Amino acid sequence: MNLEQLKQQQLDYACRIITQDDFDFDFSEPRYIGGTDVGFENGGEITRAAIVVLSYPDLALVEYKIAKIKTAFPYIPGYLSFREYPALLQAWQQIDHKPDLLLVDGQGVAHPRGIGIASHLGLLLNMPTIGVAKKRLYGQHAELAGTPLAYEKLMDKSAEQQIGWVLRSKLRCNPLFISTGHRVSQQTALKWVINCLQGYRLPEPTRFADAVASNKPLFVRRLQR
DNA sequence: GCGACAG
DNA sequence: ATCTTGTCGC
């Protein structure tokens, strides 16, 4: 497979991403919310994927799994999912408490072809997913106020369609780039990221997954209590 | 050609 | 992402 073929595959997949309000997942009473993050070992040779499961609304860690595989694809902006999803799928299979919603580290539909890793993973798992990225990949937005919980719409290149949000999750911190991944509306995506904030820049599922994926056993042990 | 570029 | 020391600010 060359990049041109993968690009075509993304374009094909993008048509199947569901982000319409009519098909929005009903999160009136979610029991579990998941988070994902991926790290690397040996200079990128090994991919380490972590998936955590938190109970809702208490946002306590109930389970986490880690999968390690040999890295088979380089990092290319716009093609991140091909590098990370194989390990994430493996971690997902090990999870006993399948969450109702997954917060994925990276973009959802806020992507040049409308299919960032959150959307790609949501499609593969047929799961509602939300993209939570720490940096912008694609899109434009108005200047964001410094006030906590201030947000702006993230618009596509032509500024005609909304592809996500820019959210000031914490004072004096760089904003988060939120976009629906799959089976969630943009409104719902923003709502549940905000619902998972606990005074830190990252929502709890993402923050916990970060701790697990980046090998912080002390921190992980604290999270479990 | 030049700049931009999730993790 | 990862490698890494000190350092500025609440």
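In what follows, chains are A, B, ... by sequence order, proteins preceding strands, each numbered from 1. Because the structure is a prediction, the values reported are computed rather than measured.
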| Under 3.5 Å side-chain donor-acceptor pair for A/Asp105 and A/Thr36 | yes
| request: Compare the ring of A/Tyr75 with the six-membered ring in the base of C/dA1 and state whether they stack (centres under 5.5 Å, planes under 30°). | output: no
| Rounded to whole angstroms, how far apart are NZ on A/Lys157 and P on B/dC5? | 13 Å
| Under a 4.0 Å heavy-atom cut-off, which of residues 122-142 of chain A touch DNA chain B? | A/Ala133, A/Lys134, A/Lys135, A/Arg136, A/Leu137
| query | When the distance from CD1 of A/Ile117 to P of B/dC5 is rounded to whole Å, what number comes out? | reply | 19 Å
| request: Determine the contact category for A/Gly43: base if any of its heavy atoms lies under 4.0 Å from a base atom, sugar-phosphate if only primed atoms, P, OP1 or OP2 are that close, otherwise nothing. | output: nothing
| request: Starting from C1' on C/dT2, measure out to CD on A/Glu45 and report it in whole angstrom. | output: 14 Å
| Full working for ring pair (Phe, Tyr, Trp, His ring centres under 6.0 Å) between A/Tyr138 and A/His111 | CA-CA 5 Å; A/Tyr138 184 73; A/His111 176 279; 7.8 Å; no
| message | Between A/Glu29 and A/Arg31 (salt bridge meaning N to carboxylate O under 4.0 Å), is one present in this structure? | response | no
| field | Main-chain N/O of A/Ser158 paired to A/Asp156 side chain as donor or acceptor, under 3.5 Å | value | yes
| task | Round to a whole Å and report the spacing from CZ of A/Phe40 to C1' of B/dA6. | result | 12 Å
| How does each nucleotide of nucleotides 5-10 of chain C score, in 5' to 3' order, for protein heavy atoms under 4.0 Å: base (B), sugar-phosphate only (S), or none (-)? | -----S
| Test ring pair (Phe, Tyr, Trp, His ring centres under 6.0 Å) applied to A/Trp192 and A/Tyr56, step by step | CA-CA 11 Å; A/Trp192 284 95; A/Tyr56 191 87; 5.0 Å; yes
| request: Could you state the atom-to-atom distance from OH of A/Tyr85 to P of B/dG7 in whole Å? | output: 20 Å
| remark: From the list A/Lys153, A/His141, A/Gln187, side-chain contact (heavy atoms from CB on, under 4.5 Å) partner of A/Gln162 resolves to A/Lys153
| message | Pairing donors with acceptors under 3.5 angstrom, does anything connect the side chains of A/Arg168 and A/Asn174? | response | no
| field | Nearest-angstrom distance from the residue atom OH of A/Tyr79 to C1' of B/dA6 | value | 14 Å
| said: Could you tell me how far apart A/Leu202 (CG) and B/dA6 (C1') are, to the nearest whole angstrom? | reply: 14 Å
| query | Between A/Tyr85 and A/His120, what is the ring plane arrangement, given parallel below 30°, perpendicular above 60°, and tilted in between? | reply | tilted
| said: With no hydrogens and no angle check, just 3.5 Å: does a side-chain donor-acceptor pair link A/Thr47 and A/Thr71? | reply: yes
